[in-house]
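Below: one structure, written as structure tokens.
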Amino acid sequence: MDDMLKDFVVEAMDLAVNVEEHLLRLERDPDNKETLNAVFRSFHTIKGGAGFMGLPALVAACHLTENLFDALRTGAAPVTPIAIEAALQASGFVADQLTELANGAAPESLPAMPEELEHILTNAIEGKGMDAPAPAAAVVAEVAVAEVAEVVVATPAVAVSTASADGLDWEGMYNAVVPAGSQIAAVSAVAAPAAVAAAPAVAAAKPAAKAWDGAERREERPEVRHAAPVKEDSIRVDAVKLDALLEVAGESVQAANQAAVLLERLLQFKFEGQAATLMATLAETLERASRYSTELQRATLATRMQPVGRLFQKFPRLVRELAKDLGKDVELTIEGAETEVDRVVVDSLYDPLVHMLRNSLDHGVESPEARLAAGKPAKSYISLKAWQEANSVMIVLQDDGKGMDPVFLRSKAQQKGLISENAQLSNDECFQLVFLPGFSTKEVASSVSGRGVGMDVVKTAVEKNRGAIHIESMLGKGTKFAIRLPIELSIVPTMLVSTSGAALALPMAVVQRVVELPETFMEVGGAPVLKDQGRPLPVRSLAGALGYESCSERVGIVVAAPQPYILAVAAVDGTADLVIKPMTAITVEGITGTARSAEGELVLVVGLSFLMDGCRGTVRMAA
């Protein structure tokens, strides 16, 4: 794909996504003129670019939809469900064509616009249903068009001036630059004055659907024609280049930190004369270099941050279509779309959130009849929220459906052989069973869910991004999925600790405070417990959780998990922003990556999900 086509596809896909959002808003508020104009402008812009790129199917679909919204915004056609459905189908066709182009398809290999789409758009333009008979006015208009055509054919071709009010012969200029087969025949003013006078009215009565020849007939407003070009305030940069830049920026910060540690050690020695002057100059230069490295890192990170709204705006139509297929009345509300997160996180969350929404629609929310029988409103609600919390981003998907039964989940997992028959699980652990590969509460798989792979994909994707997911559910009230993710992936604020001789880093996102541990603890059910701010919290050994040799651990870190606890370590060595390198060659439970400390020492980074789960792995499948 050449650069011009690539730029067109990227910009058009952004417009197509915005169109779907506007259409769903228009469905709720049909009288919103601003939304009507926004949809019209989007299709008009896509059509212009598609015409320049030689994409006739896109041009035809956008032109018909543009005609539809021209009729809707002028009141010539009503905003009806069939009009919204037609526009959504056109938007879907445009998105499909753009996706094929983005995947490397040649422009000439794209399919033509389906006849069904042309039919529904034409019906919507004429203000009638799919199978409604043609109104009398439309029939009269067609007869008038036929009569004009006969006059044009019967009249000898003579040179007739077709100059418009501005003194320019637009048709003559058009005929001079197009192939012979596309030229517009001139109509004799003497032979058919009445037919020529009636032509504009006929065009207004029945917009041309098939015979559009690519020429814009709409008068251009003087203020638009003479407007100054818009100044570009952004450029497109390949994501791979940004990733490389961020890695270099992170390494430069690490190098500057290491140099600062070495300089601090050197300053412990006594320097005199010229050596002392050089050391002072070196310290000043290094401090400046470190400051600039940090600014470079921060600026590079900012270029990768994107609002989650870019992801969220794709879901309203998905929920609308799926709810219609399932016969359910569901409304999706979105909050916090402006919350920013690393681009990689945004890109990798689409599939997990789709699986969660499908799961919520199929398993969670009930049919209108079942809700009314349970004393609930017929319409169910799903909310998707995002907000920033410390160094993390929280994404919460919640429904007001029937909730999950932990006893039923455990029995299903036992039936499928995913856990042992005598497994004793808490309610939270039962909820975690939905993430096991092959787990499903459905007896028969449908096109929506039931194969036991969707929620496994969710867990895997979240943990791949060094995040954690937690489930809360109550029978009859609904279910909440809470995802916690680092704001950005490459550089993570951490607390450096050591235990059993190993240097480790804990994400600061879950660290609340550090406490001193006594030599002996209270015990509840045989497990050590310590009171912290008036509440008893279980104490867990980091060395024991990771399988290290036991050692003296007298420092406690209060971990902000769904069920808080105290993590015992041998020592706390400070805090640091580390450049995390993922572990690809081997997999170690509880460890998500490696990093280098300011002293150059290798540090193992403990996974956020591992800490959120209470320093223990997820429920294991039966052997």
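What you see below is based on every heavy atom in this structure, not just the backbone, and it leaves out hydrogens, waters and symmetry mates. The model shown is predicted, which means the values in this text are computed figures rather than measured ones.
A donor-acceptor pair under 3.5 Å links the side-chain atoms of D400 to the main chain of Y381, judged by distance alone. Side-chain atoms of D70 never come within 3.5 Å of backbone atoms of E66 as a donor-acceptor pair (strictly under, hydrogens ignored). Between the side chain of T339 and the backbone N or O of A386 there is at least one donor-acceptor pair closer than 3.5 Å. At distances below 3.5 Å, not a single donor-acceptor pair connects side-chain atoms of S383 with backbone N or O atoms of D399.
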Using the side chain to side chain contact (heavy atoms under 4.5 Å, CB included) rule, take F43 and V94 through it: C-alpha gap first, then chi angles, then the decisive distance, then the call. CA-CA 9 Å; F43 277 106; V94 169; 4.3 Å; yes
Start with the C-alpha gap between N123 and H119, add the side-chain angles, then the distance that decides, and say whether side chain to side chain donor-acceptor pair (under 3.5 Å) holds. CA-CA 6 Å; N123 283 342; H119 182 57; 3.2 Å; yes
Decide yes or no on side chain to side chain contact (heavy atoms under 4.5 Å, CB included) for T592 and L608, but give the supporting numbers first. CA-CA 8 Å; T592 190; L608 179 64; over 6 Å; no
As a quick check of understanding, evaluate side chain to side chain contact (heavy atoms under 4.5 Å, CB included) for L245 and T303, giving each step before the final call. CA-CA 10 Å; L245 178 61; T303 63; 5.7 Å; no
Check against side chain to side chain contact (heavy atoms under 4.5 Å, CB included), L578 and V492: CA-CA 5 Å; L578 299 181; V492 179; 5.8 Å; no
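Residues L26 and I84 are in side-chain contact: their nearest non-hydrogen atoms beyond the backbone lie under 4.5 Å apart. Counting only heavy atoms from C-beta outward, the side chains of I382 and L361 approach each other to under 4.5 Å. Between R41 and N37, some side-chain heavy-atom pair lies under the 4.5 Å cut-off. No side-chain heavy atom of Q297 sits under 4.5 Å from any side-chain heavy atom of T300. A heavy-atom distance below 4.5 Å is found between the side chains of V393 and I395. Two residues are said to be in side-chain contact when any heavy atoms from C-beta on lie closer than 4.5 Å; P316 and I334 meet this criterion. With a 4.5 Å cut-off on side-chain heavy atoms, Q432 and K459 count as touching. L88 has its side chain within reach of R320: a pair of non-hydrogen atoms, C-beta onward, lies under 4.5 Å apart.
Residues L58 and Q97 share a closest heavy-atom pair of CG-OE1, 3.7 Å. Pairing each heavy atom of S392 with each of A509, the nearest pair is OG-CB, 2.9 Å. The shortest heavy-atom contact between M356 and I483 is SD-CD1, 3.9 Å. Summarising the geometry of V462 relative to L485, their closest heavy-atom pair is O-CD2, 4.1 Å, with the distance given to 0.1 Å. Residues F93 and P114 approach most closely at CE1-CD, 3.6 Å, considering heavy atoms. In terms of heavy-atom proximity, I580 sits nearest to G593 at CG2-CA, 4.3 Å.
The OG1 atom of T460 sits 10.0 Å away from atom CZ of F435, with the distance rounded to the nearest 0.5 Å. Between atom CD1 of residue I125 and atom CG of residue N67 there is a gap of 5.0 Å, rounded to the nearest 0.5 Å. Atoms CG and CG, from L357 and L384 in turn, are 6.5 Å apart once rounded to the nearest 0.5 Å. In this structure, CG in L23 is found 11.5 Å from CD in Q89, a value given to the nearest 0.5 Å. Separation of atoms CG (L121) and OG1 (T65) is listed at 4.5 Å; rounding is to 0.5 Å. In this structure, L353 CG and F481 CZ are separated by 11.0 Å, a value rounded to the nearest 0.5 Å.
Between E331 and R28, none of the side-chain N atoms (NZ, or NE/NH1/NH2) sits under 4.0 Å from a carboxylate O, so this pair counts as no salt bridge.
In this structure, a donor-acceptor pair under 3.5 Å is absent between the side chains of K385 and Q398.
Ring-plane geometry between F315 and F312 is classed as tilted, the angle between the planes lying from 30 to 60 degrees on a 0 to 90 degree scale.
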